[in-house]
Enquirer: 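Handing you a structure now.
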Amino acid sequence: MAKDTLLSVEDLHLSVSHMPEARILRGVSFDVTRGKTLAIVGESGCGKSVTSLAVMGLLPEGLTKTAGHIRFDGTDLPVTDNEAMRKIRGDRIGMVFQEPMAALNPVYTIGNQVAEVILEHENISRAEARERVIALMREVGLPDPDHIVDEYPHRLSGGQRQRVVIAMALACNPDLLIADEPTTALDVTVQAQIMRLLKGAQAELGVAIVLITHNLGLVAQVADRVAVMYAGRKVEEAETRRLFSAPLHPYTRGLLAATPRPGRRQEGELPLSEIPGMVPSITEDLRGCRFAPRCPLASDICHRVIPEPRMIGATSVACHNTTETEAPA
Amino acid sequence: MTALLSIRELHCSFDTTRGKVHAVRGVSLEVNAGETLALVGESGCGKTTLARCILGLQRPDSGHILLDGQEMVGLSRRAMRPFRPDVQCVFQDPFSSLNPRKRISALIREPLDVHGVGTPEERKRRVLDLMERVGLRPDWAERFPHEFSGGQRQRIGIARALALNPRLIICDEPVSALDVSVQAQIVNLLYTLQRDLGLSYLFITHDLTLVENFADRVAMMYQGQIVESGPAQEVWRNPQHEFTRTLIDAIPIPDPDVPMGSGRKAFAG
């Protein structure tokens, strides 16, 4: 493990407990560097959210980690020990979820909820915690912090609520922030504000961010590296600029081509480029590559042998048929 | 030429415990036969209220809604009935817009049953035709909605909207709940249907990049009013209203060379 690696996930496998054939993750590995942003992208059901839940030790009942290691700051994360994880969650690993209203308790003031995080991890008085909360609210750009601290969540807009959730996540200066679709429920102008806030916090506090999203636009703007997931596997990982300029895996290429972008429309053509077919179900046991049934490059070997990740240039890609000659230098 | 749909000076408001909410404030717009008009705005701008007025689900305070020159505002339910098939709707959430207890065939047939179209035998054939047209396999007809993915459910919703041979379909965020690759399939399906059937779409969305790829014209809605409208590519290249500029700048462009907050640069080229 490199010295500046903060989080290292190695060959993670997850299954449904009473249904071992339902394999949700089939060997996922990635590293997160201190102070950097790794984006995990993929479509519904690819396993990106459940990966983050596994890291936080918050797997829903009925899901089991069947293999793999999760190392954080040099030691194995005690993901199955809830008491030990409680000391880490909120203190060293902060979390921001998609739906801010669901992340906040409607019957407590937001000040109380943010203070709770601090009081859980630090031995300070309530009055001191309140001062910290007000300062935090100022930092995340909430208007009139002295007043808003005593408000209830329903009085805030969606963007303001997400700022509160970010304040909670940053309250104890975590080393890692896991943001799972943090702006998907928000309008595009608010989304830009929230992403700016997260990047600002990163620059100031040096927090590493795992951004889980399906929005390739956000990825292009904020991520240092990108891992692309498909049907429980990581199919490609590269530095952001490289992934967008020289995508290697046919799924990554298909995803980029299907994304609406400025000036793409040609007269008489279909508006967007499609990936034919559908994602396989988690129980479907394909012998080879899980993308093969939809893949334009698929050959005989793709249906028989699971492609292992290999390096082509500076890109890690799990594909039999992508070759170095296709990768621009 | 008369527009297929022509809205003039439409106002709609609601009484709430906190006073009057003026959701639509004097909106005028037109949708021509065979074209896609994108209606773009942020949450709470009034775009869904406007759609509900057009569908006859919400009574406006004042103004006109003309369908092929025929006034819709003020018609009784009975008088409106013959016009209802002309305007159909595809909703955002394919999980809540299909009755989970009905089979796909019954869901797609429902509009035909309601309007008493054809014999039972003809309806059955029509359902199969519609399924084929939207890319659903005919042997799925007796399945239930929960057996389908989001994209397939949206195809079912589209088949249902097509059943009565509408002239205008109001699409209220039809792809924003879908994954990128599925979104592309559904958008292309809507495009192909329009080309083959001469449909018009009022396409309500907040995804501005999609609008540029798909719509003919765009109307920007802000606080109940249309603040800017025109051919989609022209508006994107040269936005006039401050609201349009702010919105376009905020679009995250899938290109690492276009920094955050400078979306307009990406469209200028």
Side-chain angles (χ1 to χ4, degrees), chain A residues 41-46 157-158 183-193 195-196 199 213-223 226 230 239-245 251 254-266 268-279 281 294, chain B residues 36 40-45 148-152 175-192 195 206-215 232-233 236-237 243 246-269:
Chain A
V41 297
E43 302 185 283
S44 318
C46 72
S157 70
T183 59
T184 304
L186 305 174
D187 277 327
V188 58
T189 48
V190 183
Q191 163 171 286
Q193 293 164 8
M195 291 319 294
R196 230 171 260 137
K199 287 306 274 184
T213 183
H214 66 277
N215 186 332
L216 287 164
L218 280 188
V219 172
Q221 297 191 330
V222 306
V226 190
Y230 181 79
E239 182 265 321
T240 304
R241 201 166 286 273
R242 195 178 168 83
L243 187 102
F244 279 84
S245 64
Y251 175 66
L255 206 55
L256 284 169
T259 304
R261 60 171 67 190
R264 159 155 296 168
R265 180 74 178 274
Q266 300 294 320
E269 278 183 21
L270 290 173
L272 298 170
S273 149
E274 292 178 26
I275 305 177
M278 276 166 35
V279 178
S281 90
R294 305 173 74 185
Chain B
T36 299
V40 177
E42 305 213 287
S43 357
C45 76
F148 293 89
S149 68
Q152 288 169 333
V175 295
S176 44
L178 304 176
D179 277 320
V180 177
S181 70
V182 183
Q183 165 177 301
Q185 294 175 355
I186 297 297
V187 165
N188 287 350
L189 173 65
L190 288 171
Y191 175 84
T192 312
R195 202 188 49 199
H206 65 273
D207 185 337
L208 294 100
T209 327
L210 180 60
V211 168
E212 203 243 14
N213 284 200
F214 179 61
Q233 309 212 332
W236 271 204
R237 211 161 295 153
F243 168 68
T246 311
L247 221 54
I248 295 178
D249 273 342
I251 305 173
I253 305 292
D255 178 347
D257 291 323
V258 181
M260 213 190 294
S262 54
R264 254 188 290 166
K265 280 190 200 133
F267 290 97

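Model, not experiment: these values are computed from the prediction. Throughout, a chain's letter reflects where its sequence line sits, starting with A, and its residues are numbered from 1.
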Enquirer: Please classify the contact between A:Val222 and chain B as side chain, backbone, both or neither, with a heavy-atom cut-off of under 4.5 Å.
Expert: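 Interface part for A:Val222: side chain.
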
Enquirer: Which heavy atom of B:Met260 sits nearest to which heavy atom of A:Arg196, and what is that distance?
Expert: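 Shortest heavy-atom separation between B:Met260 and A:Arg196 comes out as SD-N, 4.0 Å.
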
Enquirer: Using non-hydrogen atoms only, which part of B:Phe214 is less than 4.5 Å away from chain A: side chain, backbone, both, or neither?
Expert: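 Both backbone and side chain of B:Phe214 come within 4.5 Å of chain A.
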
Enquirer: Can you tell which of A:Thr189, A:Thr184, A:Val219, A:Thr240 has the highest number of heavy-atom pairs within less than 4.5 Å of chain B?
Expert: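 Between A:Thr189, A:Thr184, A:Val219, A:Thr240, the count favours A:Thr189.
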
Enquirer: Just so I understand: if I count every heavy-atom pair under 4.5 Å between each of A:Ser44, A:Pro276, A:Ala192 and chain B, which residue has the most?
Expert: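 The answer is A:Ser44.
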
Enquirer: Donor-acceptor pairs under 3.5 Å, side chain of residues 246-259 of chain B to any protein atom, not counting sequence neighbours: which ones?
Expert:
{"from": "B:Thr246", "atom 1": "OG1", "to": "B:Glu242", "atom 2": "O", "distance (Å)": "2.7"}
{"from": "B:Asp249", "atom 1": "OD1", "to": "B:Arg264", "atom 2": "N", "distance (Å)": "3.2"}
{"from": "B:Asp249", "atom 1": "OD1", "to": "B:Arg264", "atom 2": "NE", "distance (Å)": "3.4"}
{"from": "B:Asp249", "atom 1": "OD2", "to": "B:Arg264", "atom 2": "NE", "distance (Å)": "3.4"}
{"from": "B:Asp249", "atom 1": "OD2", "to": "B:Arg264", "atom 2": "NH2", "distance (Å)": "3.0"}
{"from": "B:Asp255", "atom 1": "OD1", "to": "B:Asp257", "atom 2": "N", "distance (Å)": "2.8"}
{"from": "B:Asp257", "atom 1": "OD1", "to": "A:Arg241", "atom 2": "NH1", "distance (Å)": "2.1"}

Enquirer: Which atoms of A:Gln191 are under 4.5 Å from chain B, going by heavy atoms: the side chain, the backbone, both sets, or neither?
Expert: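 Just the side chain, heavy atoms under 4.5 Å.
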
Enquirer: What part of B:Leu208 gets closer than 4.5 Å to chain A, counting heavy atoms only: side chain, backbone, both or neither?
Expert: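 For B:Leu208, the contact with chain A is made by the side chain alone.
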
Enquirer: Donor-acceptor pairs are to be reported for all side-chain atoms of residues 181-190 of chain B against protein atoms at under 3.5 Å, with residues two or more places apart or in another chain.
Expert:
{"from": "B:Ser181", "atom 1": "OG", "to": "A:Glu43", "atom 2": "OE1", "distance (Å)": "3.0"}
{"from": "B:Ser181", "atom 1": "OG", "to": "A:Glu43", "atom 2": "OE2", "distance (Å)": "2.9"}
{"from": "B:Gln185", "atom 1": "OE1", "to": "B:Arg155", "atom 2": "NH2", "distance (Å)": "3.4"}
{"from": "B:Gln185", "atom 1": "NE2", "to": "A:Ile275", "atom 2": "O", "distance (Å)": "2.8"}
{"from": "B:Gln185", "atom 1": "NE2", "to": "A:Gly277", "atom 2": "O", "distance (Å)": "3.2"}
{"from": "B:Asn188", "atom 1": "OD1", "to": "A:Leu272", "atom 2": "N", "distance (Å)": "3.0"}
{"from": "B:Asn188", "atom 1": "ND2", "to": "A:Leu272", "atom 2": "O", "distance (Å)": "2.6"}
{"from": "B:Asn188", "atom 1": "ND2", "to": "A:Glu274", "atom 2": "OE2", "distance (Å)": "3.0"}
{"from": "B:Asn188", "atom 1": "ND2", "to": "B:Ala184", "atom 2": "O", "distance (Å)": "3.4"}

Enquirer: Which heavy atom in A:Pro271 sits nearest to a heavy atom in B:Asn213, and how many Å separate them?
Expert: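 Smallest heavy-atom distance, with atoms named: CB-O, 3.4 Å.
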
